[in-house]
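In what follows, a single structure is set out as structure tokens and then discussed.
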Amino acid sequence: EFNKALKIIEDLILKLDENQQYQDDEVSEYYNFEESFEEVLYSKLNNSEKDLRRVPIPYTRIYNMYGYILYELDRFDDAKKCLEIGLGWNPVSFKLMSEYIEILKIKGDLENFFKLTLNAFKIAFRPQNVARCFRNLGYYFFNKELYSEAKAAYLFSLQFERDSEQTLKELYYLDEKTDHQIEKPPIEKVKEYSEKYGFPIGVDVDVLSLAFENGRKNMEKRNPGLARYFFSILYDLTHDSDIKAALDKLPVPDSEQ
């Protein structure tokens, strides 16, 4: 019941807007990162010299929900504005960014849809998020009638989310549209596409290096919980046997046993 949900969340946001406690100043910036890797990513991408302080109010979840409700009510412009506010609280939230990109898709703004999808690779540190980036590329290339590029993107998407019904459906439609004439592009051709259009062949390099470096640093600091957190992110993205071996040496938290 989206209209009822809208009233509830707008009342909540009105109350939150009265709270002026968390304001950026000369030494601090306030954000609502939902997990540690988001904070690490933000620091890497922005090189801010200010102290990053976490806001305990879950603005990321609130504005993601608010944007979703507005989207379902076909209030796309309002949803965009809402998600922009949410991204102000958490600029590296893939949830918020992907919803924003989806609205651009609905509105037919293909060029900005493509541009922001390229940016989204930089904050995609879960396999399903990398998969969504490649699926977005597939959609863009398909609509530009660049069918070989589209097929390459969809096949990469399936490497990170094998059972995605949406990706399989779009790939099937591409094959039907082209009478099954588009073969799987060889890796050399994919590299050409990558260089030409500016997307990574797989996971963004900085995402991988941040996961590895923070896992290693926390192992050295004898902080097994955070080491396991960062190495788990890296392993889920790469399935690297050396990372698996490092994970196996770390104690498993009680919550995972």
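The shown structure was predicted, so the numbers you read here are calculated from the model rather than taken from an experiment.
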Can I get a per-line list of side-chain donor-acceptor pairs under 3.5 Å for residues 200-213, giving both atom names and the distance, sequence neighbours left out?
residue, atom, partner, partner atom, Å
D204, OD2, D206, N, 3.0
D204, OD2, V207, N, 3.4
S209, OG, V205, O, 3.3
S209, OG, D206, O, 3.0
E213, OE1, R216, NE, 3.3
E213, OE1, R216, NH2, 2.5

List for me each residue that meets ring pair (Phe, Tyr, Trp, His ring centres under 6.0 Å) alongside Y147, sequence neighbours excluded, and say none if there are none. F142
For E111, the salt bridge (Lys or Arg N to Asp or Glu O under 4.0 Å) test, sequence neighbours excluded, returns K144
Check whether any side-chain heavy atom of L6 lies under 4.5 Å from a side-chain heavy atom of Y66, and answer yes or no. yes
Which one of R53, R54, K44 satisfies the salt bridge (Lys or Arg N to Asp or Glu O under 4.0 Å) criterion with E39? R54
Is it the case that over 12 heavy atoms from other parts of the model lie below 6.0 angstrom from the CD atom of E176? yes
Partner residues of K244 under the side chain to side chain donor-acceptor pair (under 3.5 Å) criterion, sequence neighbours left out: D248
Would you say the side-chain atoms of N129 pair up with the backbone N or O of F125, donor to acceptor, closer than 3.5 Å? no
How far apart are the C-alpha atoms of K151 and D175, what are their side-chain angles, what is the distance that settles it, and do they pass the salt bridge (charged side-chain N to carboxylate O under 4.0 Å, His left out) test? CA-CA 9 Å; K151 186 148 195 174; D175 286 336; 3.0 Å; yes
Considering only residues two or more places apart or on different chains, which pairs with a residue in residues 230-243 satisfy salt bridge (Lys or Arg N to Asp or Glu O under 4.0 Å)? none
Sorted by chain and number, sequence neighbours left out, ring pair (Phe, Tyr, Trp, His ring centres under 6.0 Å) with H180 holds for none
Find out whether K7 and N3 are in side-chain contact, i.e. whether some heavy atom of one side chain is under 4.5 Å from a heavy atom of the other. no
Side chain to side chain, R61 and E34, heavy atoms closer than 4.5 Å: yes
Salt bridge check, E192 against K189: does any charged N sit closer than 4.0 Å to a carboxylate O? yes
Would you say D24's side chain and Y30's backbone share a donor-acceptor pair under 3.5 angstrom? yes
Test of understanding: with side chain to side chain donor-acceptor pair (under 3.5 Å), list the residues that count as partners of R162, not counting sequence neighbours. none
Could you check whether any side-chain heavy atom of R126 comes within less than 4.5 Å of a side-chain heavy atom of F94, counting everything from C-beta outward? no
K217 side chain near F230 side chain, heavy-atom distance below 4.5 Å: no
Between the side chains of Y71 and E99, is a donor N or O closer than 3.5 angstrom to an acceptor N or O? no
Kindly indicate whether the side chain of F141, heavy atoms from C-beta on, has any atom under 4.5 Å from the side chain of S148. no
What side chain to side chain donor-acceptor pair (under 3.5 Å) pairs are there with at least one residue in residues 76-91, not counting sequence neighbours? E38-N90, T60-N90, R75-D78, D77-K107, E84-Y100
Any side-chain heavy atom of F2 within less than 4.5 Å of one from Y68? yes
Can you list the steps and then say if K196 with E149 is a salt bridge (charged side-chain N to carboxylate O under 4.0 Å, His left out)? CA-CA 11 Å; K196 180 177 181 179; E149 289 91 330; 5.2 Å; no
Taking only residues two or more places apart in sequence, or in another chain, which ones meet Y154 in a side chain to side chain donor-acceptor pair (under 3.5 Å)? E170
List in chain and number order the residues that pass salt bridge (Lys or Arg N to Asp or Glu O under 4.0 Å) with K15, two or more places apart in sequence or in another chain; answer none if no residue qualifies. none
Decide side-chain contact (heavy atoms from CB on, under 4.5 Å) for L155 and Q159; before the verdict, give the C-alpha distance in whole Å, the side-chain angles of both, and the deciding distance to 0.1 Å. CA-CA 7 Å; L155 291 174; Q159 287 186 23; 5.8 Å; no
Residues forming a ring pair (Phe, Tyr, Trp, His ring centres under 6.0 Å) with F156, sequence neighbours excluded: F134
Transitively linked via ILVMFWY side-chain contacts under 4.5 Å: L16 with I85? yes
For S194 and V190, indicate whether the former's side chain and the latter's backbone hold a donor-acceptor pair under 3.5 Å. no
Would you mind reporting whether N214 and F231 have side-chain heavy atoms less than 4.5 Å apart? no
Name all residues meeting the side chain to side chain donor-acceptor pair (under 3.5 Å) criterion together with N112; count only those two or more places apart in sequence or in a different chain, and write none if there are none. D109
